[in-house]
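To start, the structure under review is shown below, and the notes come after it.
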Amino acid sequence: MTPFPGLPVTVMSSHIDMFGHVNHTRYLEFMEWARFAWAAHHGVPLPELIRDQGIGPAIIRANLTFRRECRLGDTLLVTARATRARRSIGHVHQDITDTRTGDLVCEGDLTFVMLD
């Protein structure tokens with residue numbers, strides 16, 4: 001199985017809050033996009049799974065640590081990797097890295113369940 005290379009994201013004006021940096025809720029959105037890409041990379045296209053079988057993931061816990069701010073035009077790489085799974089509960093670790101500096105800007109440990 002080839003490792004997931006990550007999902008590149010460019011910070012756009014709609015991601016910016018009144019303080020001029022990425023709003024904290026957008027990091028969760030970036031992570032969601034990367035989880036869908038990660039699942040597809042590993043042969044599990046979530047939109048098709050949800051549409052065809054009525055099964056899909058729901059986040060039940062998200063623990064994020066913000067390391068530094070991101071601003072308009074920054075290019076980020078969002079990664080995802082499974083850390084453990086048991087029956088219908090899974091755990092994923094995600095990192096968001098600034099591709100210009102290599103700095104870790106946000107990391108998260110998320111727990112999800114599969115719902116039908």
Side-chain angles (χ1 to χ4, degrees):
M1 176 178 349
T2 60
F4 175 60
L7 179 74
V9 174
T10 300
V11 176
M12 300 174 13
S13 60
S14 61
H15 301 146
I16 303 300
D17 64 16
M18 66 182 169
F19 298 108
H21 59 243
V22 174
N23 182 280
H24 68 283
T25 61
R26 293 302 186 149
Y27 292 93
L28 282 168
E29 185 175 25
F30 300 160
M31 288 179 174
E32 181 176 37
W33 297 344
R35 284 192 309 280
F36 272 69
W38 168 68
H41 175 81
H42 292 296
V44 183
L46 292 175
E48 292 174 24
L49 186 67
I50 295 165
R51 182 191 68 224
D52 298 342
Q53 298 182 32
I55 299 169
I59 297 297
I60 59 171
R61 185 177 142 279
N63 183 17
L64 273 58
T65 302
F66 300 96
R67 303 278 180 199
R68 75 166 200 69
E69 66 184 6
C70 295
R71 296 190 172 274
L72 182 65
D74 286 353
T75 303
L76 310 173
L77 184 67
V78 188
T79 61
R81 65 178 169 81
T83 56
R84 59 181 197 227
R86 187 178 63 103
R87 297 202 270 170
S88 63
I89 299 175
H91 302 267
V92 177
H93 179 82
Q94 294 191 258
D95 289 330
I96 301 178
T97 306
D98 183 320
T99 60
R100 183 180 51 83
T101 64
D103 292 341
L104 179 65
V105 298
C106 182
E107 62 183 320
D109 290 297
L110 294 94
T111 304
F112 66 93
V113 296
M114 294 300 286
L115 299 176
D116 63 358

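In this text, all values refer to a predicted model and were calculated from it rather than measured experimentally. For reference, positions follow the sequence shown, starting with 1.
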Q.
Hydrophobic cluster membership, with links at side-chain heavy-atom distances under 4.5 Å among I/L/V/M/F/W/Y: are L77 and L104 in one?
A. no
Q) Is there a side-chain contact between S13 and L72, using heavy atoms and a 4.5 Å cut-off? A) yes
Q | T99 vs P8 side-chain heavy atoms within contact, under 4.5 Å | A | no
**Q.** D74 side chain near H15 side chain, heavy-atom distance below 4.5 Å
**A.** no
Q: Can you sort out the partners of R35 under salt bridge (Lys or Arg N to Asp or Glu O under 4.0 Å), two or more places apart, ordered by chain and number?
A: none
Q: May I ask whether F30 and L46 are part of the same hydrophobic cluster, defined by side-chain heavy atoms of I, L, V, M, F, W, Y residues being less than 4.5 angstrom apart, directly or through others?
A: yes
Q: Kindly give the heavy-atom pair with the smallest separation between W38 and A82, and that separation in Å.
A: CZ2-N, 3.5 Å
**Q.** Shortest non-hydrogen contact between A62 and L28, atoms and distance
**A.** CB-CD2, 4.1 Å
Q. Atom CD in E69, atom CD1 in I16: separation rounded to 0.5 Å?
A. 9.5 Å
**Q.** Residues that, via side-chain heavy atoms closer than 4.5 angstrom, fall in one hydrophobic cluster with M18
**A.** F19
Q: Quick one: closest heavy-atom pair of L7 and A34, and the distance?
A: CD2-N, 3.6 Å
Q | Closest heavy-atom pair and its distance - Y27, R68 | A | OH-O, 4.0 Å
Q) Between T79 and T97, is any pair of side-chain heavy atoms under 4.5 Å apart? A) no
Q) Does the side chain of H41 come within less than 4.5 Å of T2's, by heavy atoms? A) yes
Q. Heavy atoms, side chains only, cut-off 4.5 Å: are R81 and F4 in contact?
A. no
(Q) Quick one, Q94 and V78 - any side-chain contact, counting heavy atoms below 4.5 Å? (A) yes
Q) Do the side chain of R71 and the main chain of G20 share a donor and acceptor less than 3.5 angstrom apart? A) yes
Q) CZ of R87: more than 12 outside heavy atoms within 6.0 angstrom? A) no
Q) Would you say the ring centroid of W33 lies under 6.0 angstrom from that of F36? A) no
Q. Looking only at heavy atoms, which two atoms of L76 and C70 are closest? And how far apart?
A. CD2-SG, 3.7 Å
Q.
Within the supplied structure, the quantity of interest is the number of heavy atoms (other residues, nucleotides, ligands) at a distance under 6.0 Å from D116 CG; does it exceed 12?
A. no
**Q.** Heavy-atom closest pair, residues N63 and R61
**A.** CB-NH2, 3.9 Å
Q) What distance separates H93 NE2 from T83 OG1, expressed to the nearest 0.5 Å? A) 8.5 Å
**Q.** Shared-cluster residues of V113, by chain and number - hydrophobic side chains joined below 4.5 Å
**A.** I60, I89, L115
Q.
I'd like to know if the side chain of R67 and the backbone of I96 have a donor-acceptor N/O pair within less than 3.5 Å.
A. no
**Q.** Close side-chain approach of V92 to M31, heavy-atom, < 4.5 Å
**A.** no
